[in-house]
Trainee: 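Below is the structure I would like to discuss, written out as structure tokens.
All values below were derived from every heavy atom in this structure, side-chain atoms included, with hydrogens, water molecules and symmetry-related copies excluded.
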Amino acid sequence: MSFRKPPEGASRSEREAHVKALAAVSISLLALLLAVTNYFAGRNSSAVLNGTIESNNLWAWYQAKNVRATIYEVTNNEQKATKQRADMDEIMEKARAAEAKRDAAKAKSSYYSYSGMALQLAIVLSSAAILAVTLSLFYASLGVGAVGVLLFFFALGA
């Protein structure tokens, strides 16, 4: 495996060895980055799902408190109705916080998806560079892979 650029007028096999060496390393690194991206994307999906479940549970609890408060108001038990309404305010704050966490995770989802797609395309381009024995496809794979990495870091920071 030679990473040195073959001299001008080198044989096809020398050029092929050079492209294969570069592409093999890039494919390995891109596959590693894709695995890391998929790991974080999975964690993010879990955060979206857990946030949705948490907020739904809190809103259901809120509705139950509302029904109780209404019953207490109808039966003229204002003290218990006031307590239920105070509980509802607290539950509403928790539900909105859960929704905010969920929405923040949702906002990251598309960046993880685009990042994974770009990294997969970069792997395909590197593989094609080996088959076509051309550095232009290899350089294109590096560019697409860099976009994938940028999208991944953007998702982490978003």
Trainee: Tell me, with the steps shown, if T134 and V19 meet side-chain contact (heavy atoms from CB on, under 4.5 Å).
Mentor: CA-CA 7 Å; T134 177; V19 171; over 6 Å; no

Trainee: Is the shortest heavy-atom distance from the side chain of W59 to the side chain of R96 under 4.5 Å?
Mentor: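 When only atoms from C-beta onward are counted, R96 and W59 do touch, with a gap below 4.5 Å.
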
Trainee: Are any side-chain N or O atoms of S113 and backbone N or O atoms of S109, one a donor and one an acceptor, separated by less than 3.5 Å?
Mentor: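 Side chain of S113 to backbone of S109, a donor-acceptor pair under 3.5 Å: yes, one is there.
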
Trainee: Report whether F154 and L34 are members of the same hydrophobic cluster (ILVMFWY, side-chain heavy atoms less than 4.5 Å apart, transitive linking).
Mentor: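 F154 does not cluster with L34.
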
Trainee: Supply the atom-to-atom distance T37 OG1 to Y114 OH, rounded to the nearest 0.5 angstrom.
Mentor: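 One finds 15.0 Å between OG1 of T37 and OH of Y114.
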
Trainee: Any side-chain to backbone donor/acceptor pair from S126 onto I123? Under 3.5 Å, distance only.
Mentor: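 Not at all, since once roles are kept as given, no pair shorter than 3.5 Å links the two residues.
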
Trainee: Going by an N to O cut-off under 4.0 Å, is there a salt bridge joining R85 and D89?
Mentor: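 Looking at R85 and D89, the cut-off is not met.
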
Trainee: Kindly check if the number of other-residue, nucleotide or ligand heavy atoms within 6.0 Å of OH (Y111) is above 12?
Mentor: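 Check fails, neighbour count at 12 or below.
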
Trainee: Would you call Y112 and L156 a side-chain contact if the rule is heavy atoms closer than 4.5 Å?
Mentor: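 Side chain of Y112 against side chain of L156, heavy atoms only: contact under 4.5 Å found.
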
Trainee: Is there side-chain contact between L33 and V149, with at least one heavy-atom pair below 4.5 Å?
Mentor: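 Yes - at least one pair of side-chain heavy atoms lies under 4.5 Å apart.
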
Trainee: Is L135 close to H18 at the side-chain level, that is, under 4.5 Å between some pair of heavy atoms?
Mentor: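 In contact.
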
Trainee: Atom NZ of K65 and atom CD of E90: how far apart are they, to the nearest 0.5 Å?
Mentor: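 Separation between the atoms: 9.0 Å.
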
Trainee: Just verifying a value: how many Å separate Q63 CD and L58 CG, rounded to the nearest 0.5 Å?
Mentor: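 Interatomic distance, Q63 CD to L58 CG, rounded to 0.5 Å: 11.5 Å.
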
Trainee: Any chain of hydrophobic side-chain contacts (each under 4.5 Å) joining M117 to V124?
Mentor: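 They do not share one cluster, since no chain of ILVMFWY contacts under 4.5 Å joins M117 to V124.
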
Trainee: Do you know the tightest heavy-atom contact between G145 and L119?
Mentor: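 Result for this residue pair: O-CD2, 3.8 Å.
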
Trainee: Could you measure the distance from the CZ atom of R102 to the CD1 atom of I53? Nearest 0.5 Å is fine.
Mentor: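 It comes to 11.5 Å.
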
Trainee: Roughly how far, to the nearest 0.5 Å, is the CD atom of Q120 from the OG atom of S115?
Mentor: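 It comes to 10.0 Å.
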
Trainee: Quick check: closest heavy atoms across E99 and S55, and the distance to 0.1 Å?
Mentor: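 Heavy atoms only, the tightest pair is CG-CB, 3.6 Å.
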
Trainee: Can you confirm whether Q79 is buried at CD, in the sense that more than 12 heavy atoms of other residues, nucleotides or ligands lie under 6.0 Å from that atom?
Mentor: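 Not buried by this count: 12 neighbours or fewer within 6.0 Å.
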
Trainee: Show the nearest heavy-atom pair for residues I27 and S127, with the distance to one decimal.
Mentor: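 For I27 and S127, the tightest heavy-atom pair comes out as CD1-OG, 3.6 Å.
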
Trainee: Taking C-beta and beyond as the side chain, do I130 and L137 meet within less than 4.5 Å on heavy atoms?
Mentor: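 In short, these two side chains do not touch, never coming nearer than 4.5 Å.
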
Trainee: L151, V36: one ILVMFWY side-chain cluster at the under-4.5 Å cut-off?
Mentor: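 Result: no, two separate clusters.
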
Trainee: Hey, what do you get for NZ (K83) to OH (Y72), rounding to the nearest 0.5 Å?
Mentor: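 That separation rounds to 10.5 Å.
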
Trainee: Looking at F152 versus F40, is the centre-to-centre ring distance below 6.0 Å?
Mentor: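 Yes, they do, as the ring centres are separated by less than 6.0 Å.
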
Trainee: Take atom OH in Y62; do more than 12 heavy atoms of anything else shown fall under 6.0 Å from it?
Mentor: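 Check passes, neighbour count above 12.
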
Trainee: State yes or no: do L150 and L121 share one hydrophobic cluster built from I, L, V, M, F, W and Y residues joined by side-chain heavy-atom distances below 4.5 Å, directly or via other members?
Mentor: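 No, L150 and L121 fall in different hydrophobic clusters.
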
Trainee: Begin from the C-alpha positions of N77 and K80 and carry the test side-chain contact (heavy atoms from CB on, under 4.5 Å) through to its verdict.
Mentor: CA-CA 6 Å; N77 193 339; K80 286 187 177 181; 3.3 Å; yes

Trainee: How far apart are the closest heavy atoms of S141 and L125, and which atoms are they?
Mentor: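 What the structure gives for the nearest pair is CB-CB, 3.5 Å.
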
Trainee: Just do the side-chain contact (heavy atoms from CB on, under 4.5 Å) check on E54 and K101 with the steps written out, would you?
Mentor: CA-CA 10 Å; E54 182 183 1; K101 282 193 320 188; 4.2 Å; yes

Trainee: Flag yes if L142 and L22 sit in one hydrophobic cluster, no otherwise; membership is Ile, Leu, Val, Met, Phe, Trp, Tyr, and two members link when side-chain heavy atoms are under 4.5 Å apart.
Mentor: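 Yes.
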
